[in-house]
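Working notes, beginning with the structure itself.
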Amino acid sequence: MSKTAELILEGRSYQLPIVEGTEKERAIDISSLRGESGYITLDEGYVNTGSCRSQITFIDGEKGILRYRGIPIEELAEKCSFVEVAHLIIMNKLPNREELKRFSEMLTANELLHEDIKYHFEGFPPNAHPMAILSSMINAGSCFYPELLTEMRSQFDVQAARLLSQVRTIAAFAYRKSRGLPIIYPKPDYRYTENFLHMMFSLPYNDIEMKREAVKALDLIFLLHADHEQNCSTSTVRMVASARSNLFASAAAGVCALWGSLHGGANQVVIEMLKEIHESGDDGSRFIEDAKNKSSGRRLMGFGHRVYKNYDPRAKILKKACDDLFAKLDRSDPLLDIAKRLEEAALKDSYFIERQLYPNVDFYSGIAMRALGIPVEMFTVIFAIGRMPGWIANYKEVMEDPNARISRPRQIYMGPTLNHFVPIDQR
Ligand SMILES: CC(C)(COP(=O)(O)OP(=O)(O)OC[C@H]1O[C@@H](n2cnc3c(N)ncnc32)[C@H](O)[C@@H]1OP(=O)(O)O)[C@@H](O)C(=O)NCCC(=O)NCCS
């Protein structure tokens, strides 16, 4: 017999179904509540609200578990490439050799932007933030591929491959534009991540020397960001998709949400914070004291997470990847030492312990990207490239759900009660 929760409101009892997920997560289904009782629920910031049923990613924030389609992130990080993981997330299947070949060929076939899109880059001022360019140019894709607007279901695989492939081309072009450098086209014989580094750093007369460790580290960064269930940007993508907007428009909205400093933008702010500590000569303790004091308006960036109340498993993998990368490149970075000292101090501090604040993915990703020579304003763009498989898969889930409805929350109105129009000379 299915379980229910009983809610008693004004002496009347309501039976609300309990929904249980495959990992035994439980929810009270309140979809009939307003119709039956006139009440809605209020949950600002959606801290307790499940917005959908999804089969893509599982997180247990208390235990620090992250799985894509059931497979632990640690196994994928060790054994897979980003493109394999993208296939897993979007197509719901780890690809066999033939499928991987076909998927990779689709990415290659779609890597070039429509030649006319190039002219749009000319309109941006030289110091435009690449996230603004990325979002605008992804949305501009809707103008160049009119079939996006009409044939979404039948052509989904091609559209997904086009977006996944072109986000990297647009990102690299945006960077080149911001530096006044000539655009470098993708090379069909390079793999996904190699191609991105090539478009970022090669010169028309000189291809960059591709270091294996650097390609591997960036591929890992993409992979670790590939999906993270209903975070702010993914929920944004789903919300836009729920209105039956096209894939490119929905992903462009995701980029805008990701840009914020409490979300993907945190990786850029972490580096700025670490630099500030480095330049001040402080050991970080002053910064930690500021972060604990609400009136300072500061937070320890790269710490804390809405879902993880334990060490973010991605941060654990990245911390080790940073150590490996620096050892292999025979380099060091004072910011890595400061980050480790900050982490150690925060994890011993009762403020962070009581609030279960641990390093999140952004704490170490910026340091790894600095080692790869990626400029700080591109950090959130890298996050966006990595997150694209998750956005595409979530978009697909919305589109394929026969019961999907437009996302339209309600509110509790707290404004003035009825009052009347006053003519302008009587105000
Ligand atoms: C990620 C984040 C937005 C989650 O927000 P949230 O779930 O709404 O968490 P809350 O704001 O409710 O925080 C809970 C408590 O911890 C404190 N807190 C959370 N993150 C903190 C941080 N990074 N530094 C200092 N205090 C922090 C809050 O002030 C709050 O304290 P209180 O209970 O005394 O009021 C938040 O932890 C944060 O701002 N982190 C820094 C930015 C960041 O790294 N973002 C990337 C996320 S992947």
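Remember, it's 1-based here, ligands and their atoms both numbered in the order they're listed.
- The nearest protein atom to atom 33 (O) of ligand 1, hydrogens excluded, is given as Arg355 NE, 3.8 Å; this is a heavy-atom distance.
- Annotation for ligand 1: atoms under 4.0 Å from non-hydrogen atoms of Ala266 are 43 (C), 44 (O), 45 (N), 46 (C).
- Atom numbering of ligand 1 starts at 1 in the shown order; those under 4.0 Å from a heavy atom of His263 are 46 (C).
- In the vicinity of His305, heavy-atom distances shorter than 4.0 Å reach the ligand 1 atoms 1 (C), 37 (O), 48 (S).
- Considering Glu354, His225, Met301 only, the shortest heavy-atom separation from atom 42 (C) of ligand 1 involves Met301.
- Residue Gly304 approaches ligand 1 through these ligand atoms, each under 4.0 Å from one of its heavy atoms: 1 (C), 37 (O).
- Within the structure, the closest approach of Gly45 to ligand 1 does not fall below 4.0 Å when heavy atoms are considered.
- The N/O atoms of Val361, backbone and side chain alike, include none that comes under 3.5 Å of an N/O atom in ligand 1.
- If you check which protein heavy atom lies closest to atom 48 (S) of ligand 1, you get Asp362 OD2, 3.4 Å.
- Taking any N or O of Gly302, backbone or side chain, at least one lies under 3.5 Å from an N or O belonging to ligand 1.
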Q. Passes side chain to side chain contact (heavy atoms under 4.5 Å, CB included), Gln230 versus Asn394? Steps please.
A. CA-CA 9 Å; Gln230 303 314 315; Asn394 274 277; 3.2 Å; yes
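- Ranking the protein heavy atoms by distance from atom 11 (O) of ligand 1 puts Arg299 NH2, 3.0 Å first.
- Ranking protein heavy atoms by distance to atom 35 (O) of ligand 1, first place goes to Lys294 CE, 3.2 Å.
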